[in-house]
Amino acid sequence: MQEFSNKIAVVTGASSGIGRALALESARQGMRVVIADVDEAGLDETARLLEDLGSPALCVPTDVTRPESVDALADAAYERFGAVHLLCNNAGVIVGERRGKSRSRITNGYSASTFGVVHGWKSFVPRMLAQDFAGHIVTRPRWRP
């Protein structure tokens, strides 16, 4: 993609870290941004930062481990904007020593980082292929047991 202005970006895992940075940079480049995360407080903070840049975002609380939640994200993006030019499949979980390595935390981290990517592809790729223009997907899962 050479031109970003007036294009639509969807960023999962947008409540913090690289997801937030991707959302903010997309807005700086002139894109309209749909942000998604399971952390609604962090999502609200990212939305506030985007508004400070003059780019109000569409916030969609999303649990990428649930395919119906990612389908709802795609529905919201296409309903509002009619297109998606860039999908940043970024949501994921790092399970490290500081956070503990319980079986539940490892399972949840693996689900978010692996199935979140798959659900993103399944929900967005058919719609993106049906568009009359190119779409791009950046996948950056972050799972580390």
Side-chain angles (χ1 to χ4, degrees), residues 1-96 98-99 104-145:
M1 184 175 350
Q2 299 292 324
E3 178 61 41
F4 297 95
S5 184
N6 294 316
K7 300 283 174 49
I8 311 305
V10 175
V11 181
T12 66
S15 71
S16 64
I18 290 175
R20 179 176 283 170
L22 287 166
L24 294 172
E25 186 57 29
S26 295
R28 285 185 192 103
Q29 295 297 320
M31 299 183 87
R32 290 174 281 171
V33 186
V34 180
I35 55 175
D37 204 296
V38 70
D39 174 6
E40 292 186 44
L43 201 58
D44 290 342
E45 175 64 16
T46 300
R48 188 191 62 70
L49 293 169
L50 287 164
E51 286 180 15
D52 289 348
L53 292 174
S55 180
L58 173 60
C59 295
V60 184
T62 305
D63 179 351
V64 297
T65 67
R66 297 178 40 238
E68 65 275 8
S69 186
V70 182
D71 285 343
L73 170 62
D75 291 344
Y78 277 90
E79 183 177 306
R80 171 70 69 85
F81 297 112
V84 171
H85 301 89
L86 174 65
L87 169 64
C88 296
N89 242 348
N90 173 69
V93 175
I94 296 174
V95 179
R98 291 181 300 153
R99 295 185 178 149
S104 172
R105 187 174 294 277
I106 289 171
T107 300
N108 290 340
Y110 181 80
S111 291
S113 300
T114 302
F115 294 115
V117 170
V118 172
H119 298 153
W121 291 337
K122 288 182 76 176
S123 296
F124 282 89
V125 167
R127 298 175 202 217
M128 291 174 85
L129 288 173
Q131 298 175 151
D132 291 336
F133 46 82
H136 302 273
I137 299 174
V138 175
T139 298
R140 192 202 145 297
R142 23 172 209 195
W143 183 73
R144 185 180 67 221

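Along the sequence shown, residues are numbered consecutively beginning with 1.
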Charged N to carboxylate O below 4.0 Å: is that the case for Asp75 and Arg127?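 Yes, charged N to carboxylate O under 4.0 Å.
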
Ionic contact status for Arg48 with Asp52, cut-off 4.0 Å: yes

Indicate the atoms forming the closest heavy-atom contact of [X] with [Y], along with that distance.
X     : Y     : value
Val70 : Val64 : CG2-CA, 3.6 Å
Val10 : Ala77 : CG2-CB, 4.0 Å
Ala57 : Leu50 : CB-CD1, 3.4 Å

Spatial distance of atom [atom1] ([X]) from atom [atom2] ([Y]) [nearest 0.5 Å]:
X     : Y      : atom1 : atom2 : value
Glu3  : Met31  : CD    : CE    : 10.0 Å
Asp71 : His119 : CG    : NE2   : 9.0 Å
Leu53 : Arg28  : CG    : CZ    : 5.5 Å

I want to check something: taking the side chain as every heavy atom from C-beta on, are [X] and [Y] in contact at a cut-off of under 4.5 Å?
X      : Y      : answer
Phe124 : Ile137 : no
Arg20  : Glu45  : yes
Asn90  : Val138 : no

Side-chain donor or acceptor of Arg32 paired with backbone N/O of Ala9 under 3.5 Å: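 Side chain of Arg32 to backbone of Ala9, a donor-acceptor pair under 3.5 Å: no, none is there.
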
Side-chain donor/acceptor of Thr46 to backbone N/O of Ala14, under 3.5 Å: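 Between the backbone of Ala14 and the side chain of Thr46 there is a qualifying donor-acceptor contact (under 3.5 Å).
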
Tell me whether the count of non-hydrogen atoms from other residues, nucleotides or ligands lying under 6.0 Å of CD in Glu68 goes above 12. yes

Out of Cys59, Ser26, Ser15, Pro61, which one pairs with Ile35 under the side chain to side chain contact (heavy atoms under 4.5 Å, CB included) rule? Cys59

Checking side chain to side chain contact (heavy atoms under 4.5 Å, CB included) between Thr12 and each of Leu73, Thr62, Asp37, which is the one that passes? Leu73

Quick one: do Phe4 and Glu25 satisfy side chain to side chain contact (heavy atoms under 4.5 Å, CB included)? Show the steps, please. CA-CA 11 Å; Phe4 297 95; Glu25 186 57 29; over 6 Å; no

In terms of the angle between their ring planes, are His85 and Phe133 parallel, tilted or perpendicular, with boundaries placed at 30° and 60°?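 Parallel: the ring planes of His85 and Phe133 meet at under 30°.
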
